[in-house]
There are 2 protein chains.
Amino acid sequence: MIRNLTEQDKEHLQEALVKSGQKVTPQREAVFTVLLAERDHPTVDEVFHRAREVMPGLSLATVYNCLETFVGCGLVRQVNHERESTRYCPNLAPHAHFRDKETGQVHDIELPAEVMKSLRSILPPGFDSEVIEISFHGRAQAKESHSN
Amino acid sequence: MIRNLTEQDKEHLQEALVKSGQKVTPQREAVFTVLLAERDHPTVDEVFHRAREVMPGLSLATVYNCLETFVGCGLVRQVNHERESTRYCPNLAPHAHFRDKETGQVHDIELPAEVMKSLRSILPPGFDSEVIEISFHGRAQAKESHSN
DNA sequence: TTGCGGATTAGACTCATTCTAACTGATTAG
DNA sequence: CTAATCAGTTAGAATGAGTCTAATCCGCAA
């Protein structure tokens, strides 16, 4: 179920951590592995339980710490929807999120550069945005999860 | 500071409430008045304190109730940013939000129909969205609040 | 070996929000 | 009139995601 990190993923993790002056630890590897294994935008709690299967002693606080670290060094993105628990997403390409009203599932929606551009263009002069978050809320036809 | 509702606003409130089978109460009027008086996207707590100046016995629970009611009948919109307290906004026109990194202030950004359309068009078939939320995060040049 | 510093841990804590149960006050039914 | 009903309000308790704290662990350098 939770396969190990590929060499490539391992390097990716190591590079990002070291670049921001932090260490690769077994806990961080475990959490990162979980994130890549099932790209279903898990909550902290879900990550915690999945990672525990592989590393039983892991604490919740550490999962919070790891995820914060990953966000800090650009390895994953936070996804917030209304006031629900924060979810985490290892997809780094610019994309929007679609939240299914019925199932609560979150899907990534590709965001073409030209749409990004037109969005940026609606900002009045003087407004300088680094982050744009776009989220849709509605119904999605049954669609299998694309765990790539 | 907090002036009374205009006749027009009063009718607006009454119509929306009655249409969804609910009553106009002094508390609801007070909360609505506060929302219209200063359109700075206040948190529940801010609404609470402002409304207390006018109606000292008002309880926090009621403010939560009123705001929920207003959202339910389309009088106001919730604005969430990351996991911060929910803010409320009486601007009903479709618009995005810009959150100033430094001050925490939230500004409305007009959302042209054509941008809305291009956004809707990026949804793959099978995805049907009712709500689109767009929020920018960055720095804004000094700009006075437009309390209209 | 000792000391240092980052990482991890369990558990206490915070705080926005929700829930609960009692109360109020207007309206309706007898 | 009097009681029953019912939406709305209220204070305070409960919830739960997230944060903080203080102790410990562990790899590395002096």
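Convention: sequence-line order gives letters A, B, ...; per-chain numbering from 1. Quantities reported herein were computed from a predicted structural model and do not represent experimental measurements.
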Parallel, tilted or perpendicular, as decided by the 30° and 60° cut-offs, for the rings of A:Phe136 and A:Phe98:
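If you compare the ring of A:Phe98 with that of A:Phe136, the planes turn out parallel.
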Let me spell it out: for each of B:Gly57 and A:Glu84, pick the nucleotide of DNA chain D with the closest heavy atom. Which residue's pick is nearer the 5' end?
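Upstream on the strand: B:Gly57.
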Just do the salt bridge (charged side-chain N to carboxylate O under 4.0 Å, His left out) check on B:Asp40 and B:Arg50 with the steps written out, would you?
CA-CA 12 Å; B:Asp40 59 349; B:Arg50 291 178 199 172; 2.8 Å; yes
Keeping to residues at least two apart or across chains, list the salt bridge (charged side-chain N to carboxylate O under 4.0 Å, His left out) pairs with something in residues 72-93 of chain B.
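Checked against salt bridge (charged side-chain N to carboxylate O under 4.0 Å, His left out) - neighbours excluded - the pairs reaching residues 72-93 of chain B are B:Glu46-B:Arg87, B:Glu84-B:Arg99.
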Distance-only criterion, 3.5 Å: show the donor-acceptor pairs between side-chain atoms of residues 22-30 of chain B and protein atoms not counting sequence neighbours.
| from | atom 1 | to | atom 2 | distance (Å) |
| --- | --- | --- | --- | --- |
| B:Gln22 | OE1 | B:Ser20 | OG | 3.4 |
| B:Thr25 | OG1 | B:Arg28 | N | 3.1 |
| B:Arg28 | NH1 | B:Lys23 | O | 2.7 |

For DNA chain C, which residues of residues 60-76 of chain B approach it to below 4.0 angstrom with any heavy atom?
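When residues 60-76 of chain B is checked for heavy atoms under 4.0 Å from DNA chain C, the hits, listed by number, are B:Tyr64.
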Using atom CD of A:Glu29 as one end and atom P of C:dA7 as the other, report the distance to the nearest whole Å.
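So the two atoms are 14 Å apart, to the nearest Å.
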Give the residues of residues 14-27 of chain A touching DNA chain D, defined as any heavy atom closer than 4.0 Å, sorted by residue number.
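Contacts with DNA chain D under 4.0 Å: none.
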By the 4.0 Å heavy-atom rule, please label A:Thr86 as base, sugar-phosphate, or nothing.
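The residue A:Thr86 makes sugar-phosphate contact but no base contact.
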Please report whether the ring centroid of B:Tyr88 lies less than 6.0 Å from that of B:His41.
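They do not qualify: ring centres at least 6.0 Å apart.
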Please tell me if the side chains of A:His137 and B:Glu133 come closer than 4.5 Å, counting only heavy atoms from C-beta onward.
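No, their side chains stay 4.5 Å or more apart.
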According to the side-chain hydrogen bond (donor to acceptor under 3.5 Å, both in side chains) rule, which pairs have a member within residues 109-128 of chain B, sequence neighbours left out?
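Listed once each, the pairs would be none.
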A:His12 side chain vs A:Lys10 backbone, donor-acceptor pair below 3.5 Å
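The answer is no, because no donor-acceptor pair under 3.5 Å joins these two groups.
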On a heavy-atom basis, which atom in A:Glu102 and which in A:Asp100 lie closest, and how many Å separate them?
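Residues A:Glu102 and A:Asp100, closest heavy atoms: N-OD1, 2.7 Å.
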Least distance between heavy atoms, A:Val76 atom then A:Pro90 atom
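What the structure gives for the nearest pair is CG1-CA, 4.2 Å.
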Reading DNA chain D in the 5' to 3' direction, which nucleotide is the first one with an atom under 4.0 Å from a heavy atom of chain A, and which is the last?
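Contact boundaries, 5' end first: D:dA17 to D:dT19.
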